[in-house]
Q: 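Once you've had a glance at the structure underneath, I'll fire off some questions.
Computed from a predicted model, the values in this text were never measured in an experiment. Side chains are part of it too, since the values below use all heavy atoms of this structure and drop only hydrogens, waters and symmetry mates. Order of the sequence lines fixes the chain letters, A, B, ..., with proteins taken first and strands second; residue numbering starts at 1 for each chain.
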Number of protein chains: 2
Amino acid sequence: MTACKHEHEHKTPEQLLATARQVCDEQGRRFTKLREHVFNLIARSTGPVKAYDLLDQLRPEFGSPKPPTVYRALDFLSGLGLIHRVEALNAYIACDHSQGRHIAEFFICETCENLEERSANDHIDCVPDGFDIRRSVIEHYGICKNCAA
Amino acid sequence: MTACKHEHEHKTPEQLLATARQVCDEQGRRFTKLREHVFNLIARSTGPVKAYDLLDQLRPEFGSPKPPTVYRALDFLSGLGLIHRVEALNAYIACDHSQGRHIAEFFICETCENLEERSANDHIDCVPDGFDIRRSVIEHYGICKNCAA
DNA sequence: CTAAAATATAGTACACTATAACACTATACT
DNA sequence: AGTATAGTGTTATAGTGTACTATATTTTAG
Ligand SMILES: [Zn+2]
Ligand SMILES: [Zn+2]
Ligand SMILES: [Zn+2]
Ligand SMILES: [Zn+2]
């Protein structure tokens, strides 16, 4: 078991936004008002955000958006690796890493709901012979240090 | 990266059923007709099964069951470690391992939908200081050897 | 500049997934 | 039998996600 170097940047919402703009620009995609707003809501949240909460938070500034509106923005943002979906929570979180698209690994405290993101690029082993991994979901649920009895 | 010893039993539905009965017995819980039937449907399936498909398959033998009926059976079976939930598919699969409760790791082909289960007990590292993992979700999606171009 | 193509937004309607709450039944144990 | 516990049935509702159609905007090419 090798020592691990993790990023622990915990970027500010402003930094996240700047990165998002830049990535979007590099990819020649448009960082529209809607997409920016959705991204900001996720980036400013203290924890994973649910699609229907975003939907509520878009009102009334963006009229009365319907589910497809927010899901399109979420698809766009996750397609660029700017946010991650937390599968077991049906929720989304802004990517806190600078390394571009990567395999995310989450440690989620079930007491305080704090989420710690790490990159799992380097420690997936034991893959079946010939299996080509395109996407991985790695989420650990438990009790964080602060919440230990 | 150490060599891995994996189980590759691919038990038959009959073997799975026998194990299920035994585990249930050991725990002093009742392996009722309903639970047995739900377990069999999952065990005999070639891939992950969805709750509402189970609901359909229970008819008409079990009347016209409603969602809570099947979700209760699923909760019971997963509580005993007899089945696993595949989070990103909202689906369930019979546990193919003999080692009792364990952290499952799945390799799921997005072409043929084949699923390979492995045990991840031994290769989770880089846990944040003081974090007590209670449950892990580890799922890899990609293309299996057979489906490679 | 203008037409065509690509990109982005809006909305309807529906499908799928899951749980709360309450009533009822079966089993286990004095 | 009487009590406690475990299991089931049912209704209603909450929560999550997508197919499809239509419209608007931006970019590109002629
Ligand atoms: Zn990330
Ligand atoms: Zn905590
Ligand atoms: Zn298993
Ligand atoms: Zn395959």
Side-chain angles (χ1 to χ4, degrees), chain A residues 20-21 23-39 41-42 47-80 82-93 137 139, chain B residues 20-21 23-39 41-42 47-80 82-93 110 137 139 141:
Chain A
R21 259 189 227 289
V23 168
C24 202
D25 207 51
E26 286 167 3
Q27 302 290 318
R29 309 297 301 277
R30 283 148 55 196
F31 201 59
T32 63
K33 276 292 165 211
L34 174 66
R35 289 166 176 174
E36 176 178 341
H37 201 80
V38 169
F39 182 79
L41 289 172
I42 299 172
V49 197
K50 306 209 142 210
Y52 277 67
D53 289 340
L54 290 172
L55 210 43
D56 290 339
Q57 293 177 261
L58 286 173
R59 285 187 276 261
E61 191 172 346
F62 286 80
S64 293
K66 309 295 181 283
T69 296
V70 75
Y71 280 106
R72 276 189 297 252
L74 291 171
D75 286 347
F76 172 84
L77 295 169
S78 65
L80 257 46
L82 299 173
I83 61 172
H84 300 292
R85 176 178 160 85
V86 185
E87 289 292 342
L89 297 179
N90 297 333
Y92 304 83
I93 189 157
V137 175
E139 302 168 7
Chain B
R21 259 191 228 289
V23 169
C24 202
D25 207 51
E26 286 168 3
Q27 302 290 318
R29 310 297 301 276
R30 283 152 56 196
F31 201 58
T32 63
K33 276 293 165 208
L34 174 66
R35 290 166 176 175
E36 176 177 341
H37 202 80
V38 169
F39 182 78
L41 289 172
I42 299 172
V49 196
K50 307 208 142 211
Y52 277 69
D53 290 339
L54 290 170
L55 211 43
D56 290 338
Q57 292 177 261
L58 286 174
R59 285 187 275 260
E61 192 173 346
F62 286 78
S64 293
K66 310 296 182 289
T69 296
V70 75
Y71 280 106
R72 278 192 292 244
L74 291 170
D75 286 347
F76 173 82
L77 294 169
S78 65
L80 258 46
L82 299 173
I83 63 172
H84 299 293
R85 176 178 159 85
V86 185
E87 289 292 342
L89 298 179
N90 296 334
Y92 304 83
I93 189 155
E110 291 178 312
V137 175
E139 302 168 7
Y141 295 83

Q: Taking only side-chain N and O atoms of Arg85(A), does any of them lie within less than 4.0 angstrom of OP1 or OP2 on dG17(D)?
A: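 It does, given that an N or O in the side chain of Arg85(A) lies less than 4.0 Å from OP1 or OP2 of dG17(D).
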Q: Whole Å only: how far is the CG atom of Leu74(B) from the P atom of dT17(C)?
A: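 Leu74(B) atom CG is separated from dT17(C) atom P by 12 Å.
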Q: Look at Tyr92(B) and dA18(C) and indicate whether a side-chain polar atom (N or O) is within less than 4.0 Å of OP1 or OP2.
A: yes
Q: Measure CG/Asp53(A) against C1'/dT16(D) and give the value in whole Å, please.
A: 12 Å
Q: Does Thr69(A) place a side-chain N or O at less than 4.0 Å from the phosphate oxygens OP1/OP2 of dG11(C)?
A: no
Q: Ignoring backbone atoms, establish whether Lys50(B) has a side-chain N or O less than 4.0 Å from OP1 or OP2 of dT17(C).
A: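 Yes, Lys50(B) has a side-chain N/O under 4.0 Å of OP1/OP2 on dT17(C).
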Q: Can you tell me how far C1' of dT17(C) sits from CD of Glu87(B), to the nearest Å?
A: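 Those two atoms, CD and C1', are 12 Å apart.
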Q: Which one, dT10(D), dA10(C), dT12(C), comes nearest to the side chain of Lys66(B)?
A: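 Looking only at side-chain atoms, Lys66(B) lies closest to dT10(D).
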Q: Roughly how far, to the nearest 0.5 Å, is NZ of Lys50(A) from CG of Leu89(A)?
A: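 So the CG of Leu89(A) and the NZ of Lys50(A) are separated by 6.5 Å.
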Q: What is the nucleic acid contact for Arg72(B), judged by heavy atoms within less than 4.0 Å: base, sugar-phosphate only, or nothing?
A: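 Result for Arg72(B) = base.
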Q: Would you kindly compare Pro67(A) and Pro68(B) by the position of their nearest DNA chain D nucleotide and give the one closer to the 5′ end?
A: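 Taking each residue's closest nucleotide, the earlier one in sequence belongs to Pro68(B).
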Q: Are Tyr92(A) and His84(A) close enough that their ring centers fall under 6.0 Å?
A: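 Not close enough - the centres of the two rings lie 6.0 Å or further apart.
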Q: Would you say dG15(D) has OP1 or OP2 under 4.0 Å from some side-chain N or O of Tyr52(A)?
A: no
Q: Could you check whether the rings of Phe31(B) and Phe39(B) sit parallel, tilted or perpendicular, using 30° and 60° as the cut-offs?
A: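 Perpendicular.
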Q: Whole angstrom is fine here: how far is it from CG in Leu54(A) over to P in dG17(D)?
A: 11 Å
Q: Can you tell me how far P of dT18(D) sits from CZ of Phe76(A), to the nearest Å?
A: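 The answer, rounded to whole Å, is 18 Å.
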Q: Counting only side-chain nitrogens and oxygens, does Arg30(B) get under 4.0 Å of the OP1 or OP2 atom of dT27(C)?
A: no
Q: Quick one: does Leu41(A)'s side chain get under 4.5 Å of Val49(A)'s, heavy atoms only?
A: no
Q: Whole angstrom is fine here: how far is it from CG in Asn90(A) over to P in dT16(D)?
A: 6 Å
Q: Please state whether the rings of Phe62(B) and His37(B) are parallel, tilted or perpendicular, taking 30° and 60° as the class boundaries.
A: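 Taking His37(B) first and then Phe62(B), their aromatic rings sit tilted (interplane angle of 30° to 60°).
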Q: Once you round it to whole Å, what is the distance between C1' of dG9(D) and CG of Leu55(B)?
A: 12 Å
Q: For Lys33(A) and dT26(D), give me the distance from atom NZ to atom C1', rounded to whole Å.
A: 17 Å
